[in-house]
A.B. asks: 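Here you go, one structure.
Because only heavy atoms are used, hydrogens play no part in the values below, and waters and symmetry mates are left out as well, while side chains stay in.
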Amino acid sequence: MTGIAMVLVIEGLVYALAPSLVERLLEALREMPVETRRALGLATLATGLIMLWIVQAA
């Protein structure tokens, strides 16, 4: 629950403080090929899992 809450806080800050940046990022995502978006998602997933593993090991 703490992790989900932190994601919501960070996402909320981005939308509140830089809404035009969000629009530009979404436009850039639309222009990316599906495979590139999939690879980006998998890289993000792997990074998150590695970070969780490091935190749990410490």
A.B. asks: What closest approach, in Å, do R37 and L29 show between heavy atoms, and which atom pair accounts for it?
C.D. replies: CD-O, 3.4 Å
A.B. asks: In Å and rounded to the nearest 0.5 Å, what is the CG to CG distance from L40 to L45?
C.D. replies: 11.5 Å
A.B. asks: Between the side chains of R24 and E27, is the shortest nitrogen-to-carboxylate-oxygen separation below 4.0 Å, so that they form an ion pair?
C.D. replies: no
A.B. asks: Is L8 reachable from L17 through a run of hydrophobic residues whose side-chain heavy atoms are each under 4.5 Å from the next?
C.D. replies: no
A.B. asks: If you round to the nearest 0.5 Å, how far is CZ of R30 from CG of L25?
C.D. replies: 11.0 Å
A.B. asks: Please check this pair: side chain of T47 against backbone of A43, looking for a donor-acceptor N/O pair closer than 3.5 Å.
C.D. replies: yes
A.B. asks: Following the transitive rule for hydrophobic clusters with a side-chain heavy-atom cut-off under 4.5 Å over Ile, Leu, Val, Met, Phe, Trp and Tyr, establish whether L13 and V7 coincide in one cluster.
C.D. replies: no
